[in-house]
Amino acid sequence: MEKRLRLAPSPTGLFHIGTARTALFNWLYARKICGRFLIRIEDTDFLRSKSEYTKNILEGLKWLGLEWEEEPLKQSDRISIHKEYIKKLLDSGSAYRCFTTEDEILELREEQKKKGLPPRHDNRHRNLSKEEIEKFISEGRTSVIRFKIDEKKQIKWIDQVRGEIKWLGKDLGGDLVLSRRAMGYEIGDPLYNLAVVVDDNFMNITHVVRGEDHISNTAKQILIYEALNFKLPTFSHTPLILNSEGKKLSKRDCVTSIDEFRDMGYLPEALANYMAFLGWSPKSSDSEILSLDEISKIFELSDINKSGAKFSWEKLNWINSQYIKKMESVKLSKIICKYWEKMEWEPPSQEWALKLVVLIKDSMTILKDAIDQSKPFFLLPPIQKEGQDFLENVDSKVSLKLILNYLIERNNVKLNKENAKEIINDISKMHNIKKGILMKSLRVAFFGSLSGPDLIQSWELFSESKSDITRIERCIK
Ligand code: GLU
């Protein structure tokens, strides 16, 4: 039988890292078992669902490289089918109309609170007679449809991540609401647990992999599967992503949407690689830098951890820097050129741009670092305190004068790594000045401080953009 997995996001917000990680686990496992990865958009919360969020989720999946198969199913297109199944459950006696009003529910909650009991419905309308139902309807009362939950029933399944899970019917909060309120004999809009079961069955989903916050829903859904005589899929519940305080990662933790990670300059391959390790660790590999293809070959649901996965910026940054380092420089320079464009910085040539990218790529953590690190190559940096102190040293100004004269005498000779080194060597020998002083003086002229990337390679770039002379001149005026 074909193996089918799905992501079923609710488009009520931007694509969140938790949903992305669930998508990734589904995608990886689908690959591992040669199955299909599908999408279902659960957009039946009409007040909160927005098409722009659907777009954002699908774009985010593509950006991460998590392509799906088949046309995404839209849950809102299937409402009439969900209602047919609710009708079936009503007809078979597995469900019934419940007329409890909002006020009556509040009253019940208050009573339960006073007694220190957890909230649960008391199933008061489970056995209404036809006449009683008619009476409520003629009074204009609205009703929801409730699914009967046998309190004594034990629900059990073998979770692929957590092993055996058991729930008691009595712990599920009373009979389960399947649809929103409606007038007369109408059936209101179907709710999550019913719609999920009907749609997972329709899509022939064989493996449900989702966050552990759905464990109690799974217990409820298994009862609906049984009542509708549907074949059960296997279930896997993945750990939540936690912040540094061990609480569920939320908007308060600043960055949570995939867009934000992209805009900050994380590479999709790096973020996907990092997310795979959020709650999963392979038994068969020691490396933490693995492509999705490599991970999919060794991915096992049983290797997913049961406990929460702490989000670590440090690790994400490290993984991202590794991906930047190993990225082909031409490809990286195309990406970085876009950042420069936004800053309105224009490299003198493509070749120059590529050389600059090669120069800074090893010290970058995120793509945005390219802005700070390449800034002194586009804009004249001010001389900082440590640079000024260094220039007070007599030898440093002399050094710069000598270098300047050397360049002017040779008519602004075009520099490369070799002749730049020669200039330093020549001047050092001819004037008996330490090479270190010459280089540091140049560094201050170029970068305004004593730190920065490789000096000789930088000089080559400054020479090419014709800004080495001006930078030297400003220090010896
Ligand atoms: N729409 C649900 C959510 O976003 C899906 C849960 C499921 O995978 O069944 O949490």
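Whatever order the structure lists ligands and atoms in, that order sets their numbers, starting from 1.
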Nearest non-hydrogen atom to atom 7 (C) of ligand 1 belongs to which of R6, Q221, E42? R6
Which atoms of ligand 1 sit under 4.0 Å from any heavy atom of R210? 7 (C), 8 (O), 9 (O)
Per-atom contacts, ligand 1 versus S10 - under 4.0 Å to a heavy atom: 1 (N), 2 (C), 3 (C), 4 (O)
[X] side chain to [Y] side chain, donor-acceptor N/O pair below 3.5 angstrom:
X	Y	answer
R97	S143	yes
D43	S76	yes
R210	S236	no

Check whether E164 reaches the backbone of D159 with its side chain - one donor and one acceptor, N or O, closer than 3.5 Å. no
Just to confirm my output: which protein heavy-atom neighbour is closest to atom 10 (O) of ligand 1, and how far is it? H214 NE2, 2.9 Å
For atom 5 (C) of ligand 1, find the nearest protein heavy atom and state the residue, atom name and distance (0.1 Å precision). A8 O, 3.1 Å
Between atom OG of S10 and atom NE2 of H16, what is the distance when rounded to the nearest 0.5 Å? 13.0 Å
